[in-house]
Amino acid sequence: DEALRLEPDSQETCAAAIKCGKLLLEAERPRECLQYLERALAMQEKRFGPNHHVVAFTLRDVGLAFGSLGEVLKQKERLERALAIMEKNF
């Protein structure tokens with residue numbers, strides 16, 4: 001919840017949201033994880049644009065969370081988009 005108390009859309013808020021999301025994913029709490037990672041993803045897309053490599057890493061984690069929930073189509077969409085971004089950037 002600390003991520004939600006920082007300045008909206010700040011770099012610190014985004015970093016805190018990503019950390020919380022990753023911890024929740026590791027703790028096998030993917031639904032809660034998605035709340036943080038999707039917020040961070042929106043901030044990253046706004047700040048860097050939708051095709052930045054930073055966005056790809058968060059998309060990958062969002063895809064993994066959807067996979068943990070059994071939402072395979074959403075997982076596939078996020079992972080394919082992450083892969084496309086990575087291929088363009090590296």
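Because only heavy atoms are used, hydrogens play no part in the values below, and waters and symmetry mates are left out as well, while side chains stay in.
Put simply, CZ on F66 and CG on L73 are 11.0 Å apart, with the number rounded to the nearest 0.5 Å. Note: Q35 CD to L24 CG = 8.5 Å, rounded to the nearest 0.5 Å. Separation of atoms CG (L59) and CZ (R81) is listed at 4.5 Å; rounding is to 0.5 Å. The distance from atom OG1 of T58 to atom CZ of R39, rounded to the nearest 0.5 Å, is 13.5 Å. To the nearest 0.5 Å, the span separating CG on L37 from CG on L64 amounts to 9.5 Å.
With salt bridges taken as basic N to acidic carboxylate O contacts below 4.0 Å, none links E32 and K22. Under the 4.0 Å criterion applied to side-chain N and carboxylate O atoms, E77 and K74 are not assigned as salt-bridge partners.
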- Task: Under the side-chain contact (heavy atoms from CB on, under 4.5 Å) rule, what do M86 and R60 come out as? Steps first, then yes or no, please.
- Result: CA-CA 10 Å; M86 296 301 275; R60 178 201 59 208; over 6 Å; no
- When you look at L34 and L69, which way does the side-chain contact (heavy atoms from CB on, under 4.5 Å) test go after all the steps? CA-CA 10 Å; L34 283 170; L69 291 170; 3.5 Å; yes
- Item | Working for side-chain contact (heavy atoms from CB on, under 4.5 Å), residues V55 and I85 | CA-CA 8 Å; V55 170; I85 293 168; 4.2 Å; yes
- Message: Please determine whether side-chain contact (heavy atoms from CB on, under 4.5 Å) holds for the pair R29 and L23, giving the CA-CA distance in whole Å, both sets of side-chain angles, and the decisive distance to 0.1 Å.
- Response: CA-CA 9 Å; R29 294 166 56 185; L23 286 171; over 6 Å; no
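Contact record, K88 with N51: NZ-OD1, 4.3 Å, taken as the closest heavy-atom pair. Taking every heavy atom of both residues into account, C33 and A65 meet most closely at SG-CB, 3.9 Å. Contact between A17 and Y36 at its shortest, heavy atoms only, is O-CB, 3.2 Å. The minimum heavy-atom distance linking C14 with Q44 is given by the pair SG-CG, 3.6 Å. Residues L25 and S68 share a closest heavy-atom pair of CD1-OG, 4.3 Å.
Within the structure, the ring-ring contact (aromatic ring centres under 6.0 Å, His included) test picks out the following pairs touching residues 71-90 (sequence neighbours left out): H53-F90.
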